[in-house]
Amino acid sequence: MNTLNTLSTDPVSKPFRKTGDPVTLTSESPLHPRRKSRRIMVGPVPVGGGAPISVQSMTNTLTADVPATLQQIAELTAAGCDIVRVAVPSQDDADALPEICRKSPIPVIADIHFQSKYVFQAIDAGCAAVRVNPGNIRKFDQVGPDICKAATDAGISLRIGVNAGSLDKELYAKYGGPTPEALVASALKEAHMFEDVGFHDFKISVKHHDVITMVQTYRLLASKGDWPLHLGVTEAGPQWQGTIKSCLAFGALLAEGIGDTIRVSLSAPPVEEVKVGCKLLEYMGLRPRKFDIISCPSCGRAQVDVIQLASAVTEGLKNVTAPIRVAVMGCIVNGPGEAREADLGVASGNGKGQIFIKGKVIKTVPEDQIVDTLLEIANDMAAQMEAEGKVPDGSTGPVVVPIQHPNRRNG
């Protein structure tokens, strides 16, 4: 588990906290003070109010297939996921929630659309929170107060999820489409409805697929109140494209102190969403830096195939989670300096590579032995750190994106 779960040595087996319980952990950005927001709890995970920014994902299994869903939740947990959402489009899915909630190692959020009856069933099943989309829940104005009462009685939180693709028709017509003003108007309408009946344990998301519109929308919403905000670029696209979109949008907002929990949405396995989300927070200074690979770009100074070398090292170390930094450098200009600053590094050139550990050259190896040498030393370092208890729970390996490139030497 990650730093959030140091709030409890066994968070899953203990009763869920109510909003407002004291916690000591905070997570301040080195770039900008965090926006002040109220705190809610998603099971044992605090969201808002200065709590560390949590990473969420969503299973893509059939929720009714309990073994498959729990297996995927276990994989997400191992990758560093704090909170998981499961889809509940059918009665069979709703019926599976009690067992999933009971056995999941991290808090479960039920994702509900159209049928309000599933909201109440999810609350009764022990879900840590429920995501509701007021734009498509039938007669939400009528059932909303009952949902709030049920959530209050159960001591759980809700998420108001406003999406560009399911915006209320009246607001769509009034604003001429899913503009930032339209999305925020929808969110405010539902937030005020909750607050009018005395319910405050909710966070809000206002998602859009366009980076600029999404950033403008969250900025506008952040100026309207102190609700905790769930960041997301909806329908972000395939892994490469979606990663870029999410990093741009989240980076802009987090650099301004906006955002309390995130979900990177990718057309890729959910574990990849978590890897990107965790690394994004690390590089923004919002989580402790863990395993990291530094590699130089390919350029005319390089005397080795840097792309192939970096890809091979990254792939070979993809399961390493110890907090070590590995530098893979391909020229004599910046190579020695970067390799010297890393825990483990190589400065390559002239058909060989100088291997550095903690700033000192320990050996020089032929070019064809660089990868194997780095992998062997890195794995030994990781094993020693694990044996000494220096690998934090929830540590993640590198984000591995397959790189296809021509073999330059063979044309």
Side-chain angles (χ1 to χ4, degrees), residues 2-4 19 23 25-40 42 45-57 80 82-83 157 159-164 175 178-188 190-191 200 202-237 241-266 273-289 399:
N2 58 42
T3 54
L4 291 178
T19 298
V23 279
L25 291 180
T26 60
S27 180
E28 284 298 325
S29 169
L31 297 175
H32 195 282
R34 289 278 296 281
R35 164 182 169 268
K36 295 187 183 303
S37 62
R38 71 177 69 147
R39 174 166 295 174
I40 67 170
V42 180
V45 177
V47 175
I53 295 172
S54 52
V55 174
Q56 302 191 26
S57 185
D82 301 303
I83 299 167
S157 58
R159 169 156 76 95
I160 298 173
V162 178
N163 271 20
Y175 291 94
T179 64
E181 294 78 12
L183 293 168
V184 170
S186 177
L188 293 179
E190 309 311 331
H200 299 277
F202 63 91
K203 60 182 181 291
I204 304 177
S205 65
V206 280
K207 296 186 178 183
H208 198 287
H209 67 86
D210 178 72
V211 170
I212 294 174
T213 303
M214 180 271 200
V215 171
Q216 292 173 333
T217 303
Y218 275 98
R219 283 175 176 166
L220 180 59
L221 181 60
S223 71
K224 301 292 185 181
D226 66 348
W227 313 283
L229 300 181
H230 170 96
L231 302 186
V233 178
T234 191
E235 291 95 38
Q241 172 182 308
T243 295
I244 294 173
K245 279 188 175 183
S246 297
C247 289
L248 284 170
F250 293 0
L253 291 168
L254 293 172
E256 298 174 12
I258 298 172
D260 300 292
T261 182
I262 65 172
R263 188 251 173 129
V264 176
S265 298
L266 302 175
E273 298 183 348
V274 174
K275 289 180 180 179
V276 173
C278 289
K279 285 299 175 188
L280 190 155
L281 292 180
E282 287 180 34
Y283 295 141
M284 290 295 294
L286 288 161
R287 283 197 177 191
R289 186 72 69 91
V399 177

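This chain uses plain numbering: 1 for the first residue, then up along the sequence. As a basis for the values below, the full set of heavy atoms in this structure was taken, side chains included, without hydrogen atoms, waters or symmetry mates.
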Look up atom [atom1] in [X] and atom [atom2] in [Y], then write down how far apart they are to the nearest 0.5 Å.
{"X": "His230", "Y": "Tyr218", "atom1": "NE2", "atom2": "OH", "value": "6.0 Å"}
{"X": "Leu254", "Y": "Leu281", "atom1": "CG", "atom2": "CG", "value": "6.5 Å"}
{"X": "Thr234", "Y": "Met214", "atom1": "OG1", "atom2": "CE", "value": "10.0 Å"}
{"X": "Met284", "Y": "Ile262", "atom1": "CE", "atom2": "CD1", "value": "10.0 Å"}
{"X": "Ile53", "Y": "Ser29", "atom1": "CD1", "atom2": "OG", "value": "7.5 Å"}
{"X": "Leu188", "Y": "Trp227", "atom1": "CG", "atom2": "CH2", "value": "5.0 Å"}

task = Mind running side-chain contact (heavy atoms from CB on, under 4.5 Å) on Arg35 and Leu229 for me, showing each step along the way?
result = CA-CA 10 Å; Arg35 164 182 169 268; Leu229 300 181; 3.6 Å; yes

task = Identify the residue among Arg34, Lys203, Lys36 that makes a salt bridge (charged side-chain N to carboxylate O under 4.0 Å, His left out) with Asp260.
result =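 Single pass found, and it is Arg34.
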
query = If you draw a 6.0 Å radius around CD1 in Ile212, do more than 12 non-hydrogen atoms from other residues or ligands fall strictly inside?
reply =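 Result for CD1/Ile212: open.
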
ask   = Partners of Ser246 by side chain to side chain donor-acceptor pair (under 3.5 Å), sequence neighbours excluded?
value =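 Here no residue qualifies.
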
task = Would you please name every residue forming a side chain to side chain donor-acceptor pair (under 3.5 Å) with Thr213, sequence neighbours left out?
result = Asp210

side-chain contact (heavy atoms from CB on, under 4.5 Å) involving Ala182 - partner list, sequence neighbours excluded =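 Listed in chain order: Leu167, Tyr175, Thr179.
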
Do you know which two heavy atoms are closest between [X] and [Y], and how far apart they sit?
{"X": "Ser54", "Y": "Thr261", "value": "OG-OG1, 2.7 Å"}
{"X": "Val42", "Y": "Ser157", "value": "CG2-OG, 3.8 Å"}
{"X": "Leu266", "Y": "Gly242", "value": "CD2-C, 3.4 Å"}
{"X": "Leu231", "Y": "Ile258", "value": "CD1-O, 3.6 Å"}
{"X": "Lys207", "Y": "Gly232", "value": "CG-O, 3.4 Å"}
{"X": "Cys278", "Y": "Gly80", "value": "SG-O, 3.8 Å"}

From CA spacing to verdict: side-chain contact (heavy atoms from CB on, under 4.5 Å), Glu190, Val162 = CA-CA 10 Å; Glu190 309 311 331; Val162 178; 5.7 Å; no

Within residues 243-258 or reaching into it, pairs that qualify as salt bridge (Lys or Arg N to Asp or Glu O under 4.0 Å) - sequence neighbours excluded =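 Every salt bridge (Lys or Arg N to Asp or Glu O under 4.0 Å) pair that includes a residue of residues 243-258, provided the two are not neighbours, is Arg219-Glu256.
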
By salt bridge (charged side-chain N to carboxylate O under 4.0 Å, His left out) - contacts of Asp226 (at least two apart) = Arg38

